[in-house]
*Asks:* 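The structure under discussion is supplied below as structure tokens; questions concerning it will follow.
On a predicted model such as this, the values are computed, not experimentally measured, just so you know. Here is the naming used below: chain letters follow the sequence lines, and residue numbers restart at 1 for every chain.
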Number of protein chains: 2
Amino acid sequence: MRPLIHPAIDDVRPEAILHALSDPARAAIFARIMRAGCVEACSALAAVGDRVIPKSSLSNHFKILREAGLIRSERAGVEVRNHSRWDEIEARFPGLLPGIINAYAATPAGNADGIAALDDD
Amino acid sequence: MRPLIHPAIDDVRPEAILHALSDPARAAIFARIMRAGCVEACSALAAVGDRVIPKSSLSNHFKILREAGLIRSERAGVEVRNHSRWDEIEARFPGLLPGIINAYAATPAGNADGIAALDDD
DNA sequence: AGCGTTAGTTCCAGATTCCCGAACTATCGG
DNA sequence: CCGATAGTTCGGGAATCTGGAACTAACGCT
């Protein structure tokens with residue numbers, strides 16, 4: 001159980017972010033973490049929309065989001081607390097994340113998965 | 001040889017765009033088509049950065065860009081002319097493409113592949 | 001301390017997707 | 001009709017994705 005690798009902000013690559021968010025389930029998870037500011041992992045997110053996601057897949061999704069630099073995960077007792085790295089990424093790649101989140105929000109499927117538009121908040 | 005399918009703009013899905021552009025080679029190709037307004041396909045784009053791309057891979061890249069809704073391809077004699085669908089996509093998903101292109105442009109690898117920042121044009 | 005429970009990770013095999021050389025098709029110029 | 005050029009399709013090995021099952025770690029309780 002290795003200790004949760006996070007890339008430095010300067011090592012974050014756009015293709016990793018796009019790949020991570022090109023899966024609607026991961027985009028929905030990220031939107032939820034972003035919105036909540038901090039969401040504990042698997043148990044709280046066992047479903048996206050109406051689709052149930054197995055624990056192992058969920059664990060893998062978090063890993064991909066983490067290694068793309070989108071979230072920061074820290075162990076808090078039994079569970080893992082996940083924060084979005086929104087501000088860091090917005091500083092490095094301005095407009096990237098808002099564009100992506102709003103694009104999903106402009107879509108029926110995205111809405112069904114709980115991705116809502118930002119309009120600066 | 002079926003006749004080049006393009007999705008209607010309302011059928012374009014964000015995940016398809018993100019997936020298409022999550023490959024740096026495809027992002028570079030798209031940036032080039034976008035910048036030139038219109039670029040004939042394979043022969044003119046046989047290399048991205050310093051990496052040579054085989055014809056079959058290139059053909060596949062164009063297909064993915066096309067089916068994601070990012071470009072429109074039409075046969076012109078022997079060759080295929082590709083146009084970016086930038087305006088349509090910008091109207092449907094405002095800020096999405098600028099965010100992505102600028103993110104790549106903010107990166108050494110992206111620059112090496114010829115992706116330059118926009119700053120509205 | 002020992003046990004049960006809960007939270008997540010790791011392992012692995014089947015399914016899917018990606019990559020690219022080789023063969024094929026289509027169009028133009030002579 | 002022939003050759004050359006532009007691009008697509010085919011096929012199979014490589015890489016990646018998915019999810020069930022087994023495993024590990026941190027409590028809470030007695």
*Asks:* Taking atom CG of D50(B) as the centre, does the number of heavy atoms from other residues, nucleotides or ligands within less than 6.0 Å exceed 12?
*Replies:*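 No - once you tally the heavy atoms of other residues, nucleotides and ligands closer than 6.0 Å, there are 12 at most.
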*Asks:* Using whole Å, report how far CD of E74(A) lies from P of dA25(D).
*Replies:*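 Nearest whole value for this atom pair: 20 Å.
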*Asks:* Please determine, for the side chain of K55(B), which listed nucleotide (dA6(D), dA7(C), dT10(C)) has the closest atom?
*Replies:* dA6(D)
*Asks:* Let me know the distance between CD of E79(A) and C1' of dA25(D), rounded to the nearest Å.
*Replies:*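 Checked: the CD to C1' distance equals 13 Å.
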*Asks:* Mapping R81(B) and H19(A) to their closest nucleotides on DNA chain D, which lands nearer the 5' end?
*Replies:* R81(B)
*Asks:* Would a 4.5 Å heavy-atom cut-off, applied to side chains only, mark R35(B) and R32(B) as touching?
*Replies:*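 No - every pair of side-chain heavy atoms lies 4.5 Å or more apart.
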*Asks:* Do the non-hydrogen side-chain atoms of L18(A) and R13(A) ever get within less than 4.5 Å of each other?
*Replies:*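 In short, these two side chains do not touch, never coming nearer than 4.5 Å.
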*Asks:* Taking atom P of dA6(D) as reference, at what distance in whole Å does atom CG of N82(B) sit?
*Replies:* 14 Å
*Asks:* Of V78(A) and I64(A), whose closest DNA chain D nucleotide lies nearer the 5' terminus?
*Replies:*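 Counting from the 5' end, the first nearest nucleotide belongs to I64(A).
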*Asks:* Among the nucleotides dA6(D), dT10(C), dT8(D), which one has an atom lying closest to any side-chain atom of R66(B)?
*Replies:*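 Nearest to the side chain of R66(B) among the choices is dT8(D).
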*Asks:* Please list, for nucleotides 18-21 of chain D, all pairs of protein and nucleotide N/O atoms separated by less than 3.5 Å.
*Replies:*
unit_1, atom_1, unit_2, atom_2, d
dG19(D), OP1, R51(A), NH2, 3.3
dG19(D), OP2, S57(A), OG, 3.4
dG19(D), N7, S56(A), OG, 3.2
dG20(D), N7, S56(A), OG, 3.1
dG20(D), O6, S56(A), OG, 3.2

*Asks:* Enter the distance from H6(A):NE2 to L70(A):CG here, rounded to the nearest 0.5 Å.
*Replies:* 11.0 Å
*Asks:* Output the rounded distance in Å from CG (L4(B)) to P (dG7(D)).
*Replies:*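 For the pair L4(B) CG and dG7(D) P, the rounded distance is 11 Å.
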*Asks:* If you take all heavy atoms of A20(A) and L65(A), which pair is closest and at what distance?
*Replies:* CB-CD2, 4.2 Å
*Asks:* Nearest whole Å is fine: how far is dT9(C) C1' from K63(A) NZ?
*Replies:* 10 Å
*Asks:* Is there a donor-acceptor contact under 3.5 Å linking the side chains of H61(B) and R26(B)?
*Replies:*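 Their side chains do contain a donor-acceptor pair, which is all the 3.5 Å distance test asks for.
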*Asks:* What is the distance from CD of E67(B) to P of dT17(C), rounded to the nearest Å?
*Replies:*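 The distance from CD of E67(B) to P of dT17(C) comes to 13 Å, rounded to the nearest Å.
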